[in-house]
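Some notes on the structure that comes next.
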Number of protein chains: 2
Amino acid sequence: MRSENESDVQKRRSFIEEARRAQIVASAVEVIAEGGFAQASLARIAQHAGISKGVISYHFAGKDDLMVEVVERTYGLIAETVGAKMQGLSSAGELLRAYILGVAGHMRGHRTQLAALAEIFTNLRGADGRPRYGIKANEEIYRALEQIYSLGQESGEFRHFDRRVMAITQSSAIDNMFAYWVAYPDHDLDAHARELADIFERACRS
Amino acid sequence: MRSENESDVQKRRSFIEEARRAQIVASAVEVIAEGGFAQASLARIAQHAGISKGVISYHFAGKDDLMVEVVERTYGLIAETVGAKMQGLSSAGELLRAYILGVAGHMRGHRTQLAALAEIFTNLRGADGRPRYGIKANEEIYRALEQIYSLGQESGEFRHFDRRVMAITQSSAIDNMFAYWVAYPDHDLDAHARELADIFERACRS
DNA sequence: TCATTTTCTGACCGCATGGCCAAAATTTAG
DNA sequence: CTAAATTTTGGCCATGCGGTCAGAAAATGA
């Protein structure tokens, strides 16, 4: 277990360590998605994973550290999936629609993970009491959307509007589509997504 | 203090009791708006109000009771203000715009109260662990918006769309306008509201 | 004034939490 | 097989929470 590779010394991790971390993160996701962030204690997460509480403290620096890792392991997936669906498209209108439908498609396959992610985003706070992930965590999304808008405005396909406001609006619309679907699982997610695509297409085009 | 009026016996409240309750509610609003729901303990609320912790327990059945009262004392104001601004209007498009601009106007004058309200909505949970105010608290708003949409669709001013999805989208857009403004106080709230009015006017009209 | 009622205080309780650690168990290396 | 390193256990701790309470203080009413 020493010369596996020459990665940095202070952070080398054994296979079993990685497996444990993944297991703990998965358990945390399930506990949070099931009962909310507030009651997701280390004891509960450990019990749900069938291990002792101390193991979590051994593998993670603290509860915050665990939560941050949950976010990191979940967050990148959306960009990947959606990016793939947007490959090859060039018109801003097509990109807009592909983005919305792509996100909705990803939601259907990752309900619990994204529910946990949303819980952490709204509840996890830093040492100063300020939200650790708030509006700021959406900056990346805002910029991606604004890029689409710029494309459409330059080509004349879209009218002139405040790109930041449009990005906030569209992003929040998608977030709430998810929240509504979580609250009412019978809600038709795909139909909702198509309606959203219609709404923002009309809101944007010249 | 006995025959002040013949209201129901079990709930009669003295003037000083009412003053204390109002004071405690105000303190709770400020503490929540300042540091979030999680760190708004009874001790902190009491300290901020300059009173002993026991006083809160004396005037309120429990922390939940206090939070519910915060919501009740804050929630009705919006409907009043906005309703007034919509008086006399008849076309759906005018109503839509008046609604959005009216809510934004109310926000500017009630920042801390509404910030606390939002905190409570997303954090307060009932005995079962489910959110006490979540999607459901918005039902009233959804129905009001859907009524405007129906009006416009019947008159032909609005196209056909899913009214529930539109209501969710518009309501979330307004919520996030507020959240963004709280995070970035320099953000131009009125300009944002006008942009929203444009967006939803275009999204709705035939 | 003085007895009665209302209000307030500050200490205390039980509980749950996140974090800690010595010792046990397990895995790995020689 | 044995010794060393890694991993796990289960109990312990300090902290902060909401809630309770006896007694002090203040307001009230005659």
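Not measured: the values here are computed from a predicted model. By convention in this document, chain letters (A, B, ...) are assigned in the order of the sequence lines, proteins followed by strands, and residues within each chain are numbered from 1.
- Taking a cutoff of 4.0 Å between a charged side-chain nitrogen and a carboxylate oxygen, Lys85(A) and Glu94(A) do not qualify as a salt bridge.
- Counting to the nearest Å, the P atom of dT7(D) and the CZ atom of Phe60(A) are 13 Å from each other.
- If you run side-chain contact (heavy atoms from CB on, under 4.5 Å) between Val29(B) and each of Leu114(B), Ile120(B), Val70(B), only Val70(B) comes through.
- Defining each end axis of the helix from dT1(C)-dA30(D) to dG30(C)-dC1(D) as the rotation carrying four pairs' C1' atoms onto the next four, with five pairs an end, the two axes are found to diverge by 0° to 10 degrees.
- Remark: C1' of dG19(D) and CG of Leu66(B) are 14 Å apart, rounded to the nearest angstrom.
- Look at CG on Asp64(A): it is 7 Å from P on dG19(C), rounded to the nearest Å.
- Checking the phosphate oxygens (OP1, OP2) of dT6(C), no side-chain nitrogen or oxygen of Arg20(B) falls inside 4.0 Å.
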Output a table of donor-acceptor pairs, distance under 3.5 Å, between side-chain atoms of residues 181-188 of chain B and any protein atom two or more places apart or on a different chain; print 'none' if there are none.
| unit_1 | atom_1 | unit_2 | atom_2 | d |
| --- | --- | --- | --- | --- |
| His187(B) | NE2 | His192(B) | ND1 | 2.7 |
| Asp188(B) | OD1 | Asp190(B) | N | 3.2 |
| Asp188(B) | OD1 | Ala191(B) | N | 3.1 |

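- In this structure, the nucleotide among dC8(C), dT8(D), dG19(C) sitting nearest to the side chain of Lys63(A) is dG19(C).
- dT7(D) atom P lies 12 Å from atom CD1 of Ile24(A), rounded to whole Å.
- For the side chain to side chain donor-acceptor pair (under 3.5 Å) test, residues two or more places apart in sequence or in another chain that qualify with Arg97(A) are Asp198(A).
- For the pair Tyr58(A) and dT7(D), the criterion of a side-chain N or O lying under 4.0 Å from OP1 or OP2 is met.
- Rounded to whole angstrom, the span from the CD atom of Glu18(A) across to the P atom of dT7(D) amounts to 13 Å.
- In this view, Phe161(A) and Tyr149(A) satisfy the ring-ring contact (aromatic ring centres under 6.0 Å, His included) rule, not counting sequence neighbours.
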Could you give the side-chain donor-acceptor pairs of residues 98-105 of chain B under 3.5 Å, partners two or more places apart or in another chain?
none

Every protein N/O within reach of nucleotides 20-24 of chain C N/O, cut-off under 3.5 Å:
none

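- Counting only residues at least two apart or in different chains, ring-ring contact (aromatic ring centres under 6.0 Å, His included) contacts with residues 68-89 of chain A comprise Tyr75(A)-Phe121(A).
- With sequence neighbours excluded, no residue forms a ring-ring contact (aromatic ring centres under 6.0 Å, His included) with Phe200(A).
- At a non-hydrogen distance threshold of 4.0 Å, nothing from residues 33-49 of chain A comes into contact with DNA chain D.
- Gln47(A) meets the side chain to side chain donor-acceptor pair (under 3.5 Å) test with no other residue; sequence neighbours excluded.
- Applying the salt bridge (Lys or Arg N to Asp or Glu O under 4.0 Å) test to Glu146(A) and every residue at least two apart in sequence or in another chain returns Arg164(A).
- Whole-Å rounding puts the Arg125(A) CZ to dG18(C) P distance at 16 Å.
- Every residue two or more places apart in sequence or in another chain that forms a side chain to side chain donor-acceptor pair (under 3.5 Å) with Asp64(B) is listed here: Arg132(B).
- Nucleotide dG18(C) holds its P atom 12 Å from the CG atom of Leu124(A), rounded to whole Å.
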